[in-house]
Amino acid sequence: MPGFYCLEGAQSATPMSTASGGICPVGHYCAEGSSVPSPCPAGSYQNQAGGKGKDDCKPCPLGWFQDLPGQKECNPCPPGFHCQSLSSSTRGVSSPQPCPAGYICPRESPDSQPLPCPKGSYNPNQGLTATIEGTVQPVLCPVGYYCPAGLILGLEFPCPPGTVQSQLGASSPDACLPCPAGTFCTQSGLSQPTGLCEAGYYCPAGSTSPNSTEYQGNSTLSHLCPSGHYCPSGTGYPLPCPVGSLSISGGLKGPDECRPCPPGSFCDSPALIDLSDALPCQAGYVCLGGSSSPTPSDDSHGYLCPAGHSCPLGSASEVPCEPGTYSPAPGAAKCMICPKGTMCSSSATQEPSTCPAGHFCPVGTALPQPCPLGTFSNQTGAHAVSVCTPCPSGVYCDSYGALMPQGQCLEGYFCQSGAVEPTPQGSEIFPKNGPCPVGHYCPRGCLSPVPCPLGSIRNTTGGVSMESCSACPAGHYCSTEGLAGPSGPCAAGFYCPFDFSSTTPYAFLCPRGHYCPEGSALALPCPTGEYQPNPGSDNCIPCRPGYYCEEAVVGEPWPCPPHSFCPAGTMVPQPCPNGTYTHSHQGGLQEEKECLPCPPGKFCRAGRIQGVCAAGYICVSGSADFTPQGPLSNLTWCQWGVQCAGPCPPGTNN
């Protein structure tokens with residue numbers, strides 16, 4: 001804005017700080033767009049701040065002059081000189097002119113017009129202030145000094161330190177001008193600056209030191225170049241560090257000493273001095289040191305985040321996408337989660353890969369998860385374990401991530417689902433696997449255990465074929481398939497023979513003359529002296545008295561024949577004892593006592609009358625011998641046919 005000057009990085013059209021500019025100082029003017037104040041030319045002055053153009057510089061009035069640019073006031077014309085424009089086109093007087101010959105220029109002349117010498121006097125020389133007796137030629141006040149009226153010597157009033165006076169004939173201290181900005185004036189009476197301001201410092205107008213030592217009264221001012229600025233040699237005003245820099249330290253000497261904006265940040269204004277002024281780089285970009293933009297793309301100060309990486313807010317470098325994530329395009333603020341059915345197995349993945357067969361990949365998969373043992377899958381792009389199919393019946397899957405079953409289960413084992421080896425064992429997940437159970441046999445690769453057929457059993461595991469099944473044990477029956485043991489014993493009155501494989505407890509009816517207790521493998525013949533006339537019995541009947549049971553299998557007892565007796569349980573009829581007999585038609589005797597005594601005079605053997613006794617012998621009743629021997633009881637018995645034994649006594653006959 002006119003009336004102000006703006007240093008680089010100014011954030012206002014009317015800045016009010018020395019770091020960014022300010023109102024145009026006195027002695028200067030600032031047209032619109034000024035970066036530094038323009039000094040009013042010599043012969044003019046400007047005593048108000050905020051000058052907007054060269055027209056605001058006022059020409060020195062008659063009797064006044066100004067030989068330096070950028071001053072706030074004019075100097076009075078010294079005695080012996082006049083100050084008036086020589087031409088109407090000249091604005092103001094920049095230097096006093098000596099009083100011309102024939103004229104005098106006293107101080108009292110208000111408009112500094114030369115006065116002609118009075119009549120009767122003359123002035124052959126220039127520069128006279130009056131017709132002074134004895135004075136031939138006055139001397140101009142030397143540079144660096146000012147000479148009020150009436151001085152004899154010109155060195156009594158030197159301009160003080162911090163000022164310069166480069167014109168002859170100065171008559172007032174106002175002629176001592178401030179040392180120009182960017183220079184310093186250490187001594188009094190200087191007509192030009194001592195030197196340029198030291199690098200790293202700035203020297204405003206009137207400086208007495210090339211660096212930070214500036215005394216004013218009892219205080220010391222520091223002109224060290226402030227933070228955020230740099231000051232090369234001869235600097236009158238601190239120059240702002242350019243955009244893309246951030247300088248905390250003071251005393252910088254050149255723009256190359258302005259520190260770059262920190263990585264991850266950008267500095268889009270000049271003269272930044274606080275880290276909080278550095279804003280974070282925009283997400284999706286990398287800001288290297290010295291960036292002036294939140295979205296740099298020149299590669300020297302930053303670049304767009306590359307694919308396969310993420311760049312959150314304030315990134316100083318790109319971050320590779322972690323396994324399980326990916327970034328398909330440049331400029332990503334964060335990486336995306338790998339979708340289900342795919343995998344991102346390495347860092348900096350740009351595109352996910354399809355999940356391979358035999359595996360499954362949930363969301364965010366870095367490495368595919370293999371199908372567990374006992375399962376397989378030939379499908380790609382799976383995202384859950386449910387795609388892993390349990391190994392089918394009859395085969396096994398013994399590796400992780402199987403694409404197909406590895407082979408058939410061995411004989412003697414069954415694999416209904418999810419088998420993990422050719423000789424599987426049952427598990428909580430797949431309980432229907434393992435050694436072939438009792439009562440069954442399992443050929444190689446069988447889908448399910450095959451039950452042993454009716455009439456057979458298997459009481460151990462691991463059967464491999466039907467031949468592994470055994471016939472139902474003798475004396476038992478096996479009524480169903482797949483038995484580990486018999487269904488039960490053969491029923492009483494029936495028998496179940498060996499190697500017949502009975503399927504019912506009533507395999508064979510026990511025949512007559514036999515008995516079959518429970519669990520009989522064979523029909524047992526009735527023991528000696530017993531019989532069984534009925535089939536299907538589990539016991540025999542003892543032969544009753546008066547009968548004999550010679551052949552058990554006949555089943556019916558025979559009546560005891562004549563000449564014998566048959567007590568209970570008789571297998572073979574017992575002959576009546578010797579000396580007894582029965583009639584030939586008499587049978588069914590039950591006891592020995594039922595046999596009749598042999599008749600007198602006869603002898604009996606085997607229950608029969610064998611004949612008469614031998615001559616010369618007496619056979620009493622019950623004789624068993626042809627020639628019986630025995631004591632004679634009495635003759636009466638012998639005479640009367642009473643049973644006796646032995647030969648007849650002498651003198652008797654029979």
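Hydrogens, waters and symmetry mates are skipped; everything else that's a heavy atom, side chains included, is used. Residue numbers count from 1 along this sequence.
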- Item | Identified side-chain contact (heavy atoms from CB on, under 4.5 Å) partner of C281 from the options P296, C311, P294, S293 | P296

- Task: Look at the rings of H585 and H583 and say which category their plane angle falls in: under 30° parallel, 30 to 60° tilted, over 60° perpendicular.
- Result: parallel

- Give a yes or no on whether R444 atom CZ has more than 12 heavy-atom contacts from other residues, nucleotides or ligands under 6.0 Å away. yes

- After noting the C-alpha distance and the side-chain angles of E467 and S465, does the key distance pass the side chain to side chain donor-acceptor pair (under 3.5 Å) rule? CA-CA 5 Å; E467 286 70 24; S465 66; 3.0 Å; yes

- Message: If we check side-chain contact (heavy atoms from CB on, under 4.5 Å) with E530, which of these qualifies: C540, P525, P557?
- Response: C540

- Message: Let's test your reading of the model: do C469 and C452 have SG atoms under 2.5 angstrom apart?
- Response: yes

- Query: Okay, side chain of Q532, backbone of N539: is any donor-acceptor separation there less than 3.5 Å?
  - Reply: yes

- Message: It should be assessed whether the SG atoms of C549 and C543 lie less than 2.5 angstrom apart.
- Response: yes

- Query: Would you say S537's side chain and Y515's backbone share a donor-acceptor pair under 3.5 angstrom?
  - Reply: no

- Between C604 and C598, is a disulfide (SG to SG under 2.5 Å) present by the stated rule, with each step listed? CA-CA 5 Å; C604 299; C598 195; 1.9 Å; yes

- Message: Check this for me: Q408, atom CD, are more than 12 non-hydrogen atoms of other residues, nucleotides or ligands nearer than 6.0 Å?
- Response: yes

- Query: Mind checking whether F603 and F626 have parallel, tilted or perpendicular rings, split at 30° and 60°?
  - Reply: perpendicular

- Message: Between V438 and T461, is the side-chain contact (heavy atoms from CB on, under 4.5 Å) condition met? List the steps.
- Response: CA-CA 5 Å; V438 295; T461 60; 4.1 Å; yes

- Query: Does the side chain of P392 come within less than 4.5 Å of F376's, by heavy atoms?
  - Reply: yes

- Using the ring of each side chain (for Trp, its six-membered ring), is F508 parallel, tilted or perpendicular to Y495, with breaks at 30° and 60°? parallel

